[in-house]
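Naming: A, B, ... by sequence-line order, numbering from 1 per chain. Hydrogens, waters and symmetry mates are skipped; everything else that's a heavy atom, side chains included, is used.
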2 protein chains.
Amino acid sequence: MHRLPGIPGINPYGPFSTPGLNHLVHQLQQQQAAAVAHAEEIDENLEPDDPKVELVDKALWEEFHRNGTEMVITKTGRRMFPGFKTKVSGLNPKAKYCMVMDIRPKDDCRYKYHNSCWMVAGKADPELPRRFYIHPDSPATGEQWMNRPSISFHKCKLTNNIADPHVYGHAILNSMHKYQPRFHIVRCSDTSQIYSRQWRTTCFPEMEFIAVTAYQNEKITQLKINHNPFAKGFRDTGCGRREKR
Amino acid sequence: MHRLPGIPGINPYGPFSTPGLNHLVHQLQQQQAAAVAHAEEIDENLEPDDPKVELVDKALWEEFHRNGTEMVITKTGRRMFPGFKTKVSGLNPKAKYCMVMDIRPKDDCRYKYHNSCWMVAGKADPELPRRFYIHPDSPATGEQWMNRPSISFHKCKLTNNIADPHVYGHAILNSMHKYQPRFHIVRCSDTSQIYSRQWRTTCFPEMEFIAVTAYQNEKITQLKINHNPFAKGFRDTGCGRREKR
DNA sequence: CAATTTTTCACCTACGTGACAATG
DNA sequence: GTCATTGTCACGTAGGTGAAAAAT
């Protein structure tokens with residue numbers, strides 16, 4: 001079961017070693033990488049697709065948005081709530097896709113919360129390194145992505161720690177700045193191809209938020225408490241033991 | 001950013017759309033799949049490897065083994081303890097690998113525990129469908145596999161439920177039968193290729209165990225309690241509140 | 001009956017919440 | 001002083017333990 005090492009382009013024990021194919025493959029030797037990439041490109045585009053993206057929990061996002069969504073950022077990283085979850089249809093079931101998200105500054109302002117209102121408080125701090133977060137199940141077939149109840153990015157946490165050790169899983173944001181999450185579909189069979197392929201980007205304006213280290217708007221706090229199961233301990237439920245100060 | 005649908009083999013907007021390459025690729029159209037597979041095959045074997053596999057927590061496994069390891073199986077699935085964890089070296093850093101495990105019957109006997117001893121109690125029950133468990137991070141490069149502290153299969157639980165709904169994540173075993181876990185390295189760039197490639201199998205005899213629905217040997221119970229953090233509540237720690245009946 | 005399996009439970013691990021006090 | 005940030009905490013979710021009782 002041992003293979004001959006160090007002889008590029010020839011593999012006498014391979015399952016497809018017919019002379020004709022070997023000849024053809026030799027012809028392509030110099031352009032091999034490009035040809036393979038091209039063949040894959042074509043293969044991936046033999047059949048069309050027409051992706052539709054839907055935001056999960058859209059009504060909840062809108063309720064937050066009406067009050068001015070805030071997201072807490074911490075040194076160790078904090079999840080978003082509501083979560084970043086999409087539902088995708090219209091993919092080609094056989095083709096492979098990578099799902100990607102990022103969180104971009106919405107403008108170049110710094111904000112402050114004053115008299116129960118968010119207002120501009122100057123120029124934005126220097127932009128932090130921009131990161132893309134590749135969904136850990138990438139790549140997967142269109143069928144697999146469409147069959148799941150949602151595509152969730154809950155493992156990507158928000159932090160303000162520039163020296164964050166989980167650099168590849170967290171989004172680094174500036175506090176008191178406004179952000180817009182984005183969702184990208186990239187049709188390719190391997191994550192290494194992501195940055196050389198077409199990106200199809202979807203943006204939900206109701207996901208806009210301001211990053212904070214502590215909640216400013218009490219209405220937002222209450223919405224979080226009332227809807228996030230992990231904050232159930234702070235709910236005001238008749239039998240409750242917690243009261244407002 | 002829209003692509004022309006329904007025109008197979010032609011993609012006017014692709015990054016590699018030079019006429020010469022298009023011609024070559026058209027030549028290969030019928031053998032395309034085979035050629036791509038062949039090119040990948042060659043690519044994957046350009047450089048040699050010589051994998052070494054080590055069992056994590058070997059000393060603990062050996063301590064269990066000296067007393068006759070038992071693993072509880074339940075309807076909903078139970079983890080193994082000690083866990084099935086390996087550490088791999090000697091892979092080719094650039095090549096891609098899939099990591100696979102399975103759990104095979106060790107013999108064709110049924111056992112019973114009698115007078116503090118395991119003894120043969122007849123012929124084995126009919127063998128259950130044999131499953132392979134592919135590590136969920138497969139495929140990944142040799143570098144990625146070698147860099148992690150261990151390759152763990154803790155998500156593969158043991159069950160005796162033939163109609164188990166998590167069919168692809170659980171191992172279905174017969175109670176009172178003896179088993180041997182195995183570890184397999186398969187060099188390939190996609191899980192779909194696993195069953196057509198060479199398997200390199202490692203077997204640690206100290207991992208042998210008998211599946212049970214309730215522990216038989218009290219020494220095994222104590223080893224589990226003393227070493228599994230989730231069973232800490234049953235430890236006999238001076239301040240302990242639990243005593244033997 | 002005896003042996004094995006299933007169910008339920010208290011007690012853990014692990015970690016996601018906002019409140020609040022301390023810090024800068 | 002003011003405001004923003006950090007650390008700690010009680011209280012949740014989620015799920016992995018063997019014991020013990022109940023069921024087969």
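- Interface residues of residues 61-68 of chain B facing DNA chain C, ordered by number: none; criterion, heavy-atom separation under 4.0 Å.
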In residues 81-88 of chain A, what donor-acceptor pairs under 3.5 Å come from side-chain atoms, sequence neighbours left out?
unit_1: K87(A); atom_1: NZ; unit_2: M146(A); atom_2: O; d: 3.2
unit_1: K87(A); atom_1: NZ; unit_2: R148(A); atom_2: O; d: 3.3

### Task
Any chance you could lay out the side chain to side chain contact (heavy atoms under 4.5 Å, CB included) test for I103(A) and F209(A), step after step, and finish with the verdict?
CA-CA 10 Å; I103(A) 299 177; F209(A) 66 86; 4.0 Å; yes
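- Across all their heavy atoms, C98(B) and S138(B) have their closest contact at CA-OG, 3.6 Å.
- At whole-Å resolution of the value, CE in M80(B) and P in dG18(D) are 13 Å apart.
- The side-chain heavy atoms of K219(A) and Q222(A), taken from C-beta on, include no pair separated by under 4.5 Å.
- Shortest non-hydrogen contact noted between V72(B) and R78(B) is O-CB, 3.4 Å.
- Atoms NE2 (H177(A)) and P (dT5(D)) sit 10 Å apart, rounded to a whole Å.
- Note: T69(A) OG1 to E62(A) CD = 10.5 Å, rounded to the nearest 0.5 Å.
- Among the heavy atoms of the strands lying under 4.0 Å from T221(B) are primed sugar atoms or P, OP1, OP2 only; no base atom is included.
- Rounded to whole angstrom, the span from the CD1 atom of I225(B) across to the P atom of dC11(C) amounts to 14 Å.
- Residues I220(A) and V212(A) fail the side-chain proximity criterion, which asks for heavy atoms closer than 4.5 Å.
- One interatomic measurement links the two molecules: CD1 of I73(A) to P of dT5(D), which rounds to 7 Å at whole-angstrom precision.
- Nucleotide dT17(C) holds its C1' atom 15 Å from the CG atom of L223(A), rounded to whole Å.
- Residue Q216(B) places its side chain closer to dT4(C) than to any other of dT4(C), dG18(D), dT5(D).
- Consecutive Watson-Crick or G-U pairs involving DNA chain D, each under 3.5 Å on both distances, make up stems of three or more pairs at C:3-24 with D:3-24.
- In this entry the distance linking CD1 of I210(A) with C1' of dA4(D) reads 15 Å, nearest Å.
- Nearest heavy atoms, R130(A) versus F132(A): NH2-CZ, 3.5 Å.
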Only distances under 3.5 Å count here; give the side-chain donor-acceptor pairs of residues 51-59 of chain A to other protein atoms, sequence neighbours excluded, each with its distance to 0.1 Å.
unit_1: K52(A); atom_1: NZ; unit_2: D50(A); atom_2: OD2; d: 3.2
unit_1: K58(A); atom_1: NZ; unit_2: E206(A); atom_2: OE2; d: 2.6

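- At dT5(D), one or more side-chain N or O atoms of S175(A) fall inside 4.0 Å of OP1 or OP2 (strictly under the cut-off).
- Taking 4.5 Å as the limit, some side-chain heavy atom of Y97(B) sits within range of a side-chain heavy atom of R187(B).
- Counting non-hydrogen atoms under 4.0 angstrom, F81(A) reaches nothing in the nucleic acid.
- Rounded to whole Å, the distance from CZ on R110(A) to C1' on dT5(D) is 12 Å.
- At a threshold of 4.0 Å, the pair D108(B)-K123(B) counts as salt-bridged, since one of the basic side-chain nitrogens sits closer than that to a carboxylate oxygen.
- Listed by first and then second residue, the side chain to side chain donor-acceptor pair (under 3.5 Å) pairs involving residues 150-160 of chain A are S152(A)-H154(A) (not counting sequence neighbours).
- Whole-Å rounding puts the N160(A) CG to dT6(D) C1' distance at 9 Å.
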Check nucleotides 13-16 of chain D for protein N or O atoms closer than 3.5 Å to its own N or O atoms and list the pairs.
unit_1: dT13(D); atom_1: OP1; unit_2: K232(A); atom_2: NZ; d: 3.2
unit_1: dG16(D); atom_1: OP1; unit_2: K157(B); atom_2: NZ; d: 3.2
unit_1: dG16(D); atom_1: OP2; unit_2: K157(B); atom_2: NZ; d: 3.1
unit_1: dG16(D); atom_1: N2; unit_2: F230(B); atom_2: O; d: 3.0

